[in-house]
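Everything on this sheet refers to the single structure shown next.
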Amino acid sequence: MTMNLAQKLIQTHLVSGNLEPGSPITIQIDQTLTQDATGTLVMLEFEALGLSRVKTEISAQYVDHNLLQTDFKNADDHLFLQSACRKFGLWFSRPGNGVSHPVHMSCFDIPGKTLLGSDSHTCAAGSMGMLAIGAGGLQVAMAMAGTAFPLKMPKVLGVKLEGELPSWVSAKDIILEMLRRQTVKGCVNKIVEYYGPGLVKLTAMDRHVIANMGQEMGATASVFPADEAVKSFLKQQQRETDFVEMKADEGANYDENDTIDLSKLEPLIACPSSPDKVVAVRDVAGRPIYQSYIGSSANPGLRDFAIPAHMVTGRHIADDVSFDINPTSRQLLEEISRTGDLTKLLEAGARLHQTGCGGCIGMGQAPASGRISLRTVPRNFPGRSGTAEDQVYLCSPEVATASALKGEITDPRDLDMDYPTFQEPEQLPDIRPQLQPPPEIPVAVELIKGPNIKPLPDFDQLPGSLTGPLLLKAGDNVSTDEILPAGAEILPLRSNIPAISRYTFSRIDENFYQRAKNLNGDCYVVGGENYGQGSSREHAAISSRYLGVRCIIAKSMARIHRRNLVNFGVLPLLFDNPGDYDRLKQDIVLEIDQPIDQLKSGKPIELKVPLPGDSIYLRHDLSEDEIQILEAGGLINAVREQRSEMPDQTA
Ligand code: MIC
């Protein structure tokens, strides 16, 4: 049987199940990636599960999100993570080394391997012929313990790339074109596999740009072949021996197909406030901008900084613009310093920020009220920049730089300038010595826990009858940034669930926390399509559960958040008839009798509502394992139960 590359990667890691789309499978995970904003909980979970040392080939912990140290909290988290790496056997990447995804790519990506990361943009490693998936922290903790990762066998969407990109059009425009076609929910439970002659001129870093934002379409993973471009990247990183050719079989089929003729693309831009609101730059050209931002995991490559540097050489940015340079990694910062590109950017009036995720997640760099910010980052969900009712547009470094020069949204083709050329250096300094390896043999290490690091809350099982008010009715495409915002004020509370829960749903209803506290009991939340899109932060599920939300009913749900809800004992249910969404009004009391029995029955689930015309019927797409987890009140409880029966299974 001929197989596409996604199927091959799954087949070689399959522990249970078969490749029939939609069927439950489990796969072995070779590597894990955690970052600080999600990693503190992962380590607390690893500890709570009673586990001692990771069993993966490589597990790496990065500090790239919580870099502003306005008090002790983030600094304490960094020390905690460093001690956890020593104790549990992970690599530790200290603050200043850079954004997890490109640093992991430089140090550890190996074609043919699987990677699970507690960051939704883990899918970026698909650029290297890997199967790389973002997941909630608890899922990653389980993978660190050597447990196979459960998912539904995704459909594979094959995207054939043809032709060559014109001048001033780059990888970001390819993924923006994909978003224009697929929207933010078009690829849920799908892997997007890119192939075809158009790949030849796309470097591994160009592919990273495309693979990274697969998450913005809801995809489980993005996959590229490991070919000459991947080999050159590994050579550049002095890791050529890690190269393994990976490609689809000749004549392989895909569940769905699409084609992009690269030569037909033009500079694109995603308008506020969703990554799929994509239009041609020329359609919005002329709007005055306040900020133009280069960097993040969505445009992390050397060329993404070198091209802007060449564009601004001998010129100065407009007076009203803040031109923000966020170097992706220490390696990149060293290289642009060495080549002089950094000087060119600074001479043109750029502002230099520290390496890391920075303003992408609202950790500083918030734009002024009502002003336009152009960013090369992956997402522009409402308020994510830190400014209420922000106006964030997503674009390529070329568009961001042209606009910084002009002071307004500008199609770079309208500049009186030749398209700069860029040649990747043959070799870069090896960054791995900057990371701290795990101790070779286990050593006794005390976890360093500052006062803000609180134990995980214990959650009980679902009650026999789940009765409570509909505390919040939300719309379509609610992102986890709206369920539990990030930003400089809230991110330092990531290891303190009681404290962070105060911000639950605050972007949608600033009184939600108080209303939940007053209720002090079980409640429901209703959402529209694609509920919980975006980030992998399991805090969005935990804080909901902590405030008494026991059931989410939506028209459809995003993959990672849905599973995070299950992991923390919150029922993720779907309207059998999406039209019933309109019948439910906030504050009415809802009831599901014997929820677990109803889940197991295979029949529609009856939701009792105080409305004329009786009950509403719901459905679920839970596997048997997921129902068991819900029955136990969450995954930690379920694992503890299992471990008490089989003490040596996961330690
Ligand atoms: C993001 O881009 O939203 C984040 C911050 O990287 C998140 C992780 C987090 O919330 O910590 C993600 O994408 O998973």
Side-chain angles (χ1 to χ4, degrees), residues 32-43 61-68 74 77 81 98-104 115-125 132-140 184 211-222 273-275 293 295-300 326 328 356-365 375-386 392 394 478-488 490-495 497 500 503-504 507 532-543 558-564:
T32 64
L33 171 159
T34 41
Q35 40 92 337
D36 49 330
T38 55
T40 47
L41 274 199
V42 175
M43 300 307 167
Q61 165 67 52
Y62 299 86
V63 179
D64 56 1
H65 282 68
N66 286 351
L67 296 177
L68 288 185
N74 289 343
D77 278 357
L81 288 169
V99 178
S100 64
H101 312 294
V103 178
H104 199 88
L115 168 69
L116 194 74
S118 62
D119 186 289
S120 65
H121 294 114
T122 302
C123 50
I133 303 178
L138 192 43
Q139 223 72 52
V140 178
V184 287
N212 177 287
M213 285 180 69
Q215 171 62 18
E216 267 43 74
M217 304 184 289
T220 302
S222 317
S273 291
S274 178
Y293 176 132
S296 91
S297 67
N299 269 109
N326 284 57
T328 330
C357 302
C360 173
I361 194 205
M363 191 45 96
Q365 298 175 264
R375 299 180 168 211
T376 65
V377 306
R379 34 182 76 137
N380 58 347
F381 300 137
R384 181 177 155 94
S385 68
V392 177
L394 309 177
V478 166
S479 73
T480 47
D481 274 289
E482 285 149 290
I483 301 172
L484 189 67
I490 307 174
L491 273 168
L493 304 173
R494 284 286 180 95
S495 40
I497 298 300
I500 205 168
Y503 298 90
T504 314
R507 288 248 166 82
Q533 70 161 329
S535 139
S536 67
R537 66 190 71 147
E538 56 190 344
H539 306 73
I542 306 175
S543 66
R559 175 185 62 88
I560 305 179
H561 186 63
R562 171 196 165 284
R563 177 60 200 220
N564 285 342

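What you see is a predicted model; the values in this text were computed from it and never measured. Each ligand, and each atom within it, is numbered from 1 in the order the structure gives.
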* Who's touching ligand 1 if we go heavy atoms under 4.0 Å? -> Q35, A37, T38, H65, D119, S120, H121, I361, R379, R384, R494, S535, S536, R537
* Asked: ring-ring contact (aromatic ring centres under 6.0 Å, His included) with H104: which residues, sequence neighbours excluded?
  -> Y62, F108
* To do: Run through Q215, H101, E216 and flag the one making a side-chain hydrogen bond (donor to acceptor under 3.5 Å, both in side chains) with H121.
  => E216
* Given S274, S535, S120, S479, the one that forms side-chain hydrogen bond (donor to acceptor under 3.5 Å, both in side chains) with R379 -> S120
* Asked: Is R537 salt-bridged to D481, cutoff N-O under 4.0 Å?
  -> yes
* Side-chain contact test, heavy atoms from C-beta onward, threshold under 4.5 Å: evaluate it for P275 versus F381 and give yes or no. => yes
* Structure fact -> From the list N299, N326, T376, side-chain hydrogen bond (donor to acceptor under 3.5 Å, both in side chains) partner of Y293 resolves to N326
